[in-house]
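A quick note: this is a predicted structure, and the numbers were derived from the prediction, not measured. Just the heavy atoms: all of them, side chains too, but no hydrogens, waters or symmetry mates, feed the values below. Here is how names work: the chains are called A, B, and so on, in the same order as the sequence lines, proteins then strands, and each is numbered from 1.
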Protein chains: 2
Amino acid sequence: MARSIHVRRPATLASLAAELGVSRTTVSNAYNRPDQLSPELRRRVLETARRLGYPGPDPVARSLRTRKAGAVGLLLTENLSYAFRDPAALGFLEGLALACEGAGQGLHLVPVNPEREDVAAVHRAGVDGFVVYSVPDDDPHLAAVLSRPVPTVIADQPHIEGVDRVGIDDGTAITELAKKLIALGHRRIGVVCMRLARDRNDGFAPVDRQQNAHFHVQRTRLGGLAAAFATVGVEWASVPVVERFDHSSAMGASAAAQLLDSDSQLTALICTSDILALGALAEARRRGLRVPQDLTVTGFDGIAEAERVGLTTVRQPVLEKGKAAGRLLLSPSERTRPRSITLETEFLTGTTAAAPRTAEERWFGP
Amino acid sequence: MARSIHVRRPATLASLAAELGVSRTTVSNAYNRPDQLSPELRRRVLETARRLGYPGPDPVARSLRTRKAGAVGLLLTENLSYAFRDPAALGFLEGLALACEGAGQGLHLVPVNPEREDVAAVHRAGVDGFVVYSVPDDDPHLAAVLSRPVPTVIADQPHIEGVDRVGIDDGTAITELAKKLIALGHRRIGVVCMRLARDRNDGFAPVDRQQNAHFHVQRTRLGGLAAAFATVGVEWASVPVVERFDHSSAMGASAAAQLLDSDSQLTALICTSDILALGALAEARRRGLRVPQDLTVTGFDGIAEAERVGLTTVRQPVLEKGKAAGRLLLSPSERTRPRSITLETEFLTGTTAAAPRTAEERWFGP
DNA sequence: AATTGGTTCTGAACCGTTACCGTCACCGCA
DNA sequence: TGCGGTGACGGTAACGGTTCAGAACCAATT
């Protein structure tokens with residue numbers, strides 16, 4: 001005979017007070033303001049609590065009353081595993097977690113169902129503020145976050161009126177990198193980038209798709225490249241840009257292959273992330289192309305493995321970015337006006353970029 | 001003149017009801033049970049909400065009444081960065097996050113201040129349950145979690161009466177590995193392990209420290225090795241075990257160095273994690289020792305990089321472990337008795353283990 | 001005409017706590 | 001003896017919702 005298990009409701013502050021013959025206020029004070037009652041009574045309260053199995057004030061009820069949840073919400077891009085496997089995102093997450101930990105705040109990962117456009121989870125999250133990390137510009141979850149009456153910090157996204165922001169200057173950073181390649185003599189380049197929109201497009205990305213990209217970071221980096229090459233008369237529309245939906249070095253390799261197959265005259269591959277660049281390096285190796293003699297390859301982010309293999313890239317301070325987001329959210333600002341933090345990037349010379357071979361060298365070998 | 005900023009309190013469900021001239025129940029229903037009121041009225045409610053800037057029912061208040069927080073708490077080992085840089089921990093985290101996402105539950109990282117023994121954060125977390133991942137057996141935070149009247153799942157920790165558990169059979173898995181080395185002929189081995197207790201001890205770990213280790217996983221793995229080598233008459237007390245507090249390949253390298261310096265006759269280094277083993281490989285390379293001809297090196301975990309370099313190791317399904325923990329916590333069990341899930345491990349042959357050179361070979365070369 | 005059933009909305013209780021202010025006893029001091 | 005100050009505790013009203021039993025109304029059935 002199935003018998004429903006009798007779950008004894010845990011004792012409440014009120015029941016404890018009744019048992020002790022004191023007021024609820026006093027019990028509350030025993031936990032929250034020890035100086036407000038005599039040590040003797042406090043001892044009795046806590047001891048009785050132990051005896052009755054009272055686990056202490058209910059966190060949710062407390063939050064309701066004090067108007068503090070003690071946690072910050074984090075909204076990540078649609079696909080969770082995507083973030084967990086991207087070293088840059090992970091660094092940001094670690095930095096944010098550290099900042100929260102330092103402030104004694106929990107970090108609440110908001111569940112975003114990739115299937116349905118279910119914004120409810122954003123409304124259900126009991127948090128004191130939100131950090132939004134690199135979601136598409138038109139993400140309904142972002143809109144939902146902004147509709148909540150709590151402070152918000154956005155990272156790696158375009159500025160939104162009245163919202164704090166942290167990020168780097170993606171455009172300028174990659175323009176610098178492009179200028180180095182231009183100075184080396186590269187004119188015929190190919191570009192590998194991450195996905196530009198929510199829909200999958202594993203292949204060439206025409207200019208209008210680039211310009212309408214939903215992901216701010218990718219859009220800005222491509223824009224920075226276009227600007228740099230425009231200065232030497234390279235028409236951007238003629239530069240092949242290959243997009244990959246999944247972010248992995250395998251995808252970087254396949255994108256590199258697609259580019260090299262489409263134009264054997266390319267002298268450099270510019271990748272908008274290190275992960276992709278590592279794949280491009282692997283593809284070059286597979287083809288027997290020497291880097292940098294036969295092909296220049298560059299990345300972006302400055303992840304550990306890139307540094308290990310000497311990739312020419314741009315380092316961005318991902319850990320600091322996360323910490324800064326946390327500080328921005330948790331610091332007791334006067335909130336007089338939205339603050340914006342732009343962190344510095346650093347060009348890493350590496351060993352995967354060099355002057356292109358001349359035409360003769362290309363045809364007859366060195 | 002400093003003037004305190006006037007923060008307009010956001011509209012409440014009650015104020016919205018008053019504005020509309022309906023009851024609070026009706027407004028609540030407009031959000032939670034659309035079938036309970038006429039479409040026309042519902043439309044009016046939502047429209048007025050938009051006009052008044054009402055962000056929808058307050059999540060904390062709702063949680064209080066419904067007794068559901070919509071999130072699970074995760075208690076990680078003391079040092080957050082430690083977890084974020086350990087691929088095994090990261091895999092677990094990803095799996096857990098995926099399980100939560102699938103169930104529409106948030107994942108609340110409990111802030112654990114490494115400095116103070118501040119258990120308050122555990123009590124402050126508004127969650128429906130906890131997952132505790134590989135904390136020291138005597139961690140006060142674990143005790144605090146168990147005192148909360150919510151379901152709990154522990155991972156990679158010894159069984160606790162009445163608490164669900166997920167893990168692998170560390171002892172048996174590493175015993176298998178040890179037996180392979182024994183079969184190859186190894187008798188003189190050194191062991192590199194992660195920290196065994198809260199206090200830092202970068203150096204040799206005597207047997208009693210091993211047996212009293214606070215970290216279940218490390219304790220069990222060492223025990224498994226001892227059991228295996230006992231079968232061939234190798235006295236465990238004579239086996240050098242070097243411990244490192246920080247978990248990094250650099251530490252693995254230095255530990256390997258310490259072992260090789262202390263006994264040049266060692267034919268194999270068994271490491272209790274892949275990260276440490278990768279460091280040991282680096283150290284062997286630095287010394288000009290060929291692996292596996294001159295030295296056998298093994299790891300544990302089966303992280304991606306280990307597989308790339310062909311490390312002989314044991315793979316454990318970390319992602320699955322995280323998912324299983326989530327399922328265990330979120331599945332509507334009858335909770336008739338605590339459940340325990342032990343996942344399978346797999347021996348990876350790799351290319352870093354071989355028979356030791358004979359004495360002659362050692363002295364005169366091959 | 002009375003009963004039934006369905007839809008739509010309401011009233012009051014409740015979730016478990018903390019904030020705010022008030023009360024009261026006790027003490028030292030003039 | 002009266003008085004202000006202080007330490008210890010209590011009462012009441014939020015905090016912002018959800019739940020559940022039922023009221024009011026109307027149409028259809030018996």
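If you check D:dT18, C:dT17, C:dT10 against the side chain of B:N32, the one that comes closest is D:dT18. Of the candidates D:dT12, C:dA19, D:dG10, the closest approach to any side-chain atom of A:R24 belongs to D:dT12. With D:dT18, C:dG16, C:dT10 as the candidates, the nucleotide lying closest to the side chain of B:T66 is D:dT18.
Contacts of A:L37 with the nucleic acid, taken as non-hydrogen atoms under 4.0 Å apart, involve only primed sugar atoms and P, OP1 or OP2. The residue B:T26 sits close to a base: some heavy atom pair falls under 4.0 Å. A:V60 comes within 4.0 angstrom of no nucleic acid atom, judged by non-hydrogen atoms across all strands. In this structure, A:T25 reaches the bases: a heavy-atom distance under 4.0 Å links it to at least one base atom across the strands shown.
A residue-by-residue look at B:V22 and A:R62 shows that B:V22 has its nearest nucleotide of DNA chain C further toward the 5' end.
Proximity of B:S23 to the phosphate of C:dC9: no side-chain N or O atom is located under 4.0 Å from OP1 or OP2. In terms of phosphate contacts, A:Y31 brings no side-chain nitrogen or oxygen within less than 4.0 Å of OP1 or OP2 of C:dG16.
A heavy-atom distance below 4.5 Å is found between the side chains of A:Q105 and A:L330.
A salt bridge is defined here as a Lys NZ or Arg NE, NH1 or NH2 lying under 4.0 Å from an Asp or Glu carboxylate O, and B:E47 with B:R42 fails to meet this definition. Checked for salt-bridge contact, B:E40 and B:R43 meet the test: a charged N lies under 4.0 Å from a carboxylate O.
Remark: P of C:dT18 and CG of A:L64 are 11 Å apart, rounded to the nearest angstrom. Across the protein-nucleic acid pair, A:R44 atom CZ and D:dA8 atom C1' stand 13 Å apart, rounded to whole Å. Put simply, CZ on B:R33 is 15 Å from P on C:dT8, counting in whole angstrom units.
To the nearest 0.5 Å, atoms CZ (A:F84) and CG (B:L93) are separated by 4.0 Å.
Side-chain N/O atoms of B:R65 and base N/O atoms of C:dC14 include a donor-acceptor pair closer than 3.5 Å.
Cation-pi geometry between A:R195 and A:Y82 is satisfied (NZ or CZ under 6.0 Å from the ring centre, within 45° of the ring normal).
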